[in-house]
Amino acid sequence: MTQTSDLAFDRIAGVRKTPLEEFYASGHRTCQGCESALVMRQFAKASGPRTVVTGSTGCMYVANTSYMTTPWVVPWMHTQLGAAGPSAIGMAAGLRALMRKGRIAQERINVISFCGDLGGGDMGLSGISGALQSPYDLLIILYDNESAANTDIQATGLTTYGAQTTFTPPGKVHRVMQRRWKKNVAGMLAVGHPTCRYVATACSAYPPLDFLNKVRKALAVGGPTFIHTFDPCPKGWDYHPSYSHELGELGIKCGIFPLYEIVDGRVSYTYDPKKKGRIPVREYLEKQGRFAHLIDEDVAYIQRRVDAMWEEWEIPGVAPLKGGLRPA
Amino acid sequence: MIKRVEINYRGIYQKTLARRIGSDLVLIASRLGKVAFSNGRYSDAPERDGIPCKYFVFVSPDLPEEELEAECGAKLDIDVADVSIVLDDTMVKGVEPWAWHGVRPINEKVSADGCLLVVTRREPTQLLAFIAAKPHPYRLATLEGDASLSGLWVFKDDLTHERVLGAVAAVDPGIVTIDAVADYLADEGREPRRAEAARTAHAATVQRIRPVAPDAGISWTYAIPELPAWDAFGEGVAVPGVERRSELGPGGQARNAGFPRGTTKTERPVVRFDLCTRCTLCWLECPDGCFDPTADEYYDVAYAYCTGCGKCAAVCPVKECIVMVDELRFEDTASPWAAYRRDPAAYLAWAEGKKGPERRSYAHITGTGVEVRPAPAVRARRTRKEVATR
């Protein structure tokens with residue numbers, strides 16, 4: 001089995017070694033302080049000029065394609081809301097066929113497909129599952145701002161428990177309307193697709209360069225790969241945009257969003273709370289307007305579930321399973 | 001006769017405020033026996049934090065409802081406005097809406113003898129230093145107050161809503177009268193302070209309406225793009241990508257010239273290059289990629305593309321190195337690094353002058369508070385070269 005640290009890839013060794021060139025440029029219609037836009041900018045920077053990108057409907061489609069202008073330097077194609085997986089397969093298969101027929105030069109072209117949490121985590125999940133079983137080199141990035149943010153913040157399967165959204169406004173009788181626990185997409189895909197060699201979670205804000213290097217590593221591992229990013233969203237989470245970095249860092253440090261990578265079935269934690277500790281989830285929740293209606297009881301419930309994820313799960317943060325076969 | 005009102009507001013932050021002003025103007029006009037309706041500009045949805053948006057109100061004393069709707073409904077934008085309300089004064093520097101209409105003057109739609117009504121703490125002459133000159137006379141009114149910014153879920157109840165209704169009655173009683181506004185606000189057991197706020201704002205605004213002569217204002221430097229019609233599109237909808245480019249120095253990076261979106265900002269980062277440790281974090285963490293690496297490893301700011309989110313100031317590890325400053329203190333989007341290279345001492349003096357003696361820090365949850373503190377004085381740091389030559 002390949003050890004994570006053994007894998008050879010073109011690692012960006014320090015912030016000063018980060019490539020200067022942009023392939024997702026300035027001049028897009030995202031919100032002030034948009035972390036999903038930073039995800040686009042960073043993955044394009046990490047993957048470089050020989051990249052084709054496809055993206056399903058969502059903020060990062062609509063905000064980047066209005067009326068005959070684009071911030072993309074590399075080729076980008078819009079695909080339907082649930083089609084992040086199939087469009088990536090189509091692009092990769094098309095490139096392979098063109099190379100086989102000699103129509104284009106034989107070379108490595110990165111195929112990256114991105115989707116939001118509604119497009120990827122809910123609607124397009126079957127398509128992504130199909131792509132992760134395909135024989136092509138492709139990377140699917142799920143940028144997770146925890147709502148259908150483009151259409152003014154509707155709840156999705158990845159919205160944090162208790163959050164206010166257009167679908168889950170707190171009322172006088174029912175305070176908590178978002179009662180679903182966040183879907184564990186990266187863990188689900190890793191557990192369910194044992195031949196997929198690389199699954200990771202990341203945050204573009206923290207730790208610095210981690211997301212860029214995970215993109216580089218996923219592309220180097222080859223085959224179908226998947227990265228789930230955690231993107232603070234000033235519009236839907238309701239915080240002042242200057243705190244985008246801080247909210248990302250707090251989300252990781254309180255353990256509500258686990259940071260890890262899984263290479264050939266081996267889990268390694270990018271932020272290991274067992275070694276580095278966890279801050280209370282309250283510090284993360286209280287800085288967002290979407291949780292302003294929660295009371296101590298709700299915060300305690302969220303804290304208990306996060307504690308359980310790190311202390312009781314067999315593989316913390318990845319698989320919510322306990323027990324299993326034990327030696328007699 | 002139709003009276004047209006447009007409400008210019010900051011996307012998301014003032015969405016609820018603009019909608020309430022619009023719907024209340026309709027309800028008040030209806031009480032006066034007029035026909036009215038309001039709607040948002042179609043191309044503004046879905047809104048993004050800070051990107052300028054518009055809400056419209058149409059009022060007619062004589063047209064039947066169907067005719068008013070046929071005349072004013074389902075349009076991308078209006079041609080003229082009798083009153084243009086501006087809920088955040090930094091928008092007087094121009095507005096670049098969602099759907100690539102170019103950077104437009106804030107008074108573009110104001111009709112002859114129409115009125116531009118700005119919520120501001122500045123004097124009209126200060127505002128006219130940014131506003132485009134118009135070929136015809138119009139009126140400029142100011143309503144003293146801060147931009148009432150809040151989040152998507154919150155309505156910030158700071159009486160801006162009531163005060164703007166009173167001010168509209170002051171600038172054009174043909175739309176609503178102050179008595180009707182006050183009656184409406186006193187209805188349904190609402191606190192008396194609401195109607196009082198409207199009356200006070202009305203009285204103050206009457207004193208603060210001034211005529212603007214045809215040549216007053218600046219000549220507008222932004223070109224308004226010609227939008228291709230549907231039949232001018234190629235097969236499919238393919239858009240040329242941004243040309244690949246990466247050079248050191250101001251403006252050296254590839255950028256989308258079609259939508260600079262600098263009008264999103266209410267504040268801009270001012271950089272003290274002498275304090276910079278070249279840690280790269282502002283550049284690395286900017287969602288808009290508006291920092292330009294330079295040959296001496298500093299990061300210049302492309303202000304035309306900066307949206308003023310303030311992330312760079314938040315992640316900068318050096319105190320006072322990057323500070324967010326009110327956008328209305330700046331005339332242009334020239335390169336700060338080039339100015340620093342030309343004359344470091346003059347640039348630092350200029351930067352400190354712009355920053356002023358106070359720093360604002362915002363509460364985490366949007367619109368819930370601003371703390372203003374005196375600024376610490378940080379002396380200019382000598383560069384290694386300067387130290388070595390001494």
Side-chain angles (χ1 to χ4, degrees), chain A residues 15-16 18 20-38 41-42 49 59 62-63 65-76 149-153 164 169 204-205 208-209 234-236 238-247 286-290 292, chain B residues 11-12 45-51 98-100 151-154 227-228 233 237 239-246 248 253-261 264-265 278-281 284-290 293 297 302 305 307-311 313-315 324 362-366 368:
Chain A
V15 284
R16 284 160 197 278
T18 315
L20 295 181
E21 188 167 2
E22 308 288 349
F23 297 98
Y24 170 80
S26 312
H28 37 82
R29 292 159 180 73
T30 57
C31 289
Q32 294 175 319
C34 175
E35 289 294 279
S36 297
L38 188 59
R41 183 177 164 230
Q42 291 192 347
C59 265
V62 177
T65 56
S66 261
Y67 224 95
M68 309 302 280
T69 81
T70 178
W72 288 101
V73 176
V74 291
W76 171 89
N150 181 49
T151 45
D152 283 356
I153 320 298
Q164 174 168 4
S204 58
L209 294 186
K235 175 180 172 184
D238 189 11
Y239 62 85
H240 190 276
S242 59
Y243 297 109
S244 279
H245 173 95
E246 184 180 335
L247 262 299
E286 73 187 4
K287 295 184 172 68
Q288 302 171 48
R290 64 173 176 160
Chain B
I12 301 296
E47 289 176 19
R48 307 292 185 206
D49 280 19
I51 296 187
W98 231 87
W100 188 39
L152 181 58
W153 312 119
V154 198
L227 299 179
F233 284 31
V237 184
V239 177
V242 179
E243 208 167 309
R244 200 177 159 186
R245 194 161 97 87
S246 181
L248 294 175
Q253 300 298 315
R255 292 205 162 93
N256 173 15
F259 190 75
R261 89 178 193 133
T264 306
K265 61 180 166 296
R278 306 170 191 194
C279 74
T280 77
L281 284 180
L284 193 67
E285 293 247 357
C286 177
D288 294 281
C290 55
E297 294 183 14
Y305 288 84
T307 64
C309 68
K311 240 191 114 187
V315 300
M324 300 304 291
Y362 294 88
H364 279 83
I365 298 177
T366 324
T368 53

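A, B, ... follow the sequence lines: proteins, then strands. Residue 1 opens every chain.
- Of the possible donor and acceptor atoms, one in the side chain of Asn256(B) sits under 3.5 Å from a partner among the backbone N and O of Gly27(A).
- Between chain A and the residues Cys286(B), Gly241(B), Ala254(B), the most heavy-atom pairs under 4.5 angstrom are made by Cys286(B).
- Contact count against chain A (heavy-atom pairs under 4.5 Å) is highest for Pro46(B) among Gly151(B), Gly310(B), Pro46(B).
- Smallest separation of non-hydrogen atoms from Ser26(A) and Tyr305(B): CB-CD2, 3.5 Å.
- Atom CD of residue Gln253(B) and atom CD of residue Glu21(A) lie 7.5 Å apart, to the nearest 0.5 angstrom.
- Of all the listed residues (Ser36(A), Ala292(A), Ala63(A)), the one sharing the greatest number of non-hydrogen pairs under 4.5 Å with chain B is Ala63(A).
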Q | Residues Arg48(B), Val62(A); criterion side chain to side chain contact (heavy atoms under 4.5 Å, CB included); working and verdict | A | CA-CA 11 Å; Arg48(B) 307 292 185 206; Val62(A) 177; 3.9 Å; yes
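- Every residue meeting the side-chain hydrogen bond (donor to acceptor under 3.5 Å, both in side chains) condition with Thr30(A), not counting sequence neighbours, appears here in chain and number order: His28(A), Arg261(B).
- Lys311(B) NZ to Glu246(A) CD: the interatomic distance, rounded to the nearest 0.5 Å, is 12.0 Å.
- For Arg278(B), the parts lying near chain A are the backbone and the side chain together; criterion is any non-hydrogen pair under 4.5 Å.
- The structure places SG of Cys309(B) at 12.5 Å from NE2 of His245(A), a figure rounded to the nearest 0.5 Å.
- For the atom pair CZ of Arg29(A) and OG1 of Thr307(B), the computed distance is 13.5 Å after rounding to the nearest 0.5 Å.
- Heavy atoms of Ala363(B) lying under 4.5 Å from chain A belong exclusively to its backbone.
- Listed here is the closest heavy atom pair of Cys34(A) and Pro287(B): O-CB, 3.1 Å.
- If you measure heavy-atom distances from Ala149(A) to chain B, the contacts under 4.5 Å come from the backbone alone.
- Rounded to the nearest 0.5 angstrom, Phe259(B) CZ and Thr69(A) OG1 are separated by 7.5 Å.
- Both the backbone and the side chain of Tyr362(B) come within less than 4.5 Å of a heavy atom in chain A.
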Q) Going through the distances and angles, do Ile153(A) and Leu152(B) end up as a side chain to side chain contact (heavy atoms under 4.5 Å, CB included)? A) CA-CA 9 Å; Ile153(A) 320 298; Leu152(B) 181 58; 3.3 Å; yes
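- Put simply, the side chain of Ser242(A) does not reach to within 4.5 Å of the side chain of Met324(B), judged on heavy atoms.
- For Asp152(A), the side-chain hydrogen bond (donor to acceptor under 3.5 Å, both in side chains) partners at least two apart in sequence or on another chain are Lys235(A), Lys15(B).
- Within the 4.5 angstrom heavy-atom criterion, only side-chain atoms of Thr280(B), from C-beta onward, approach chain A.
- For Leu284(B), the parts lying near chain A are the backbone and the side chain together; criterion is any non-hydrogen pair under 4.5 Å.
- The distance from atom CD1 of Ile365(B) to atom OH of Tyr243(A), rounded to the nearest 0.5 Å, is 11.0 Å.
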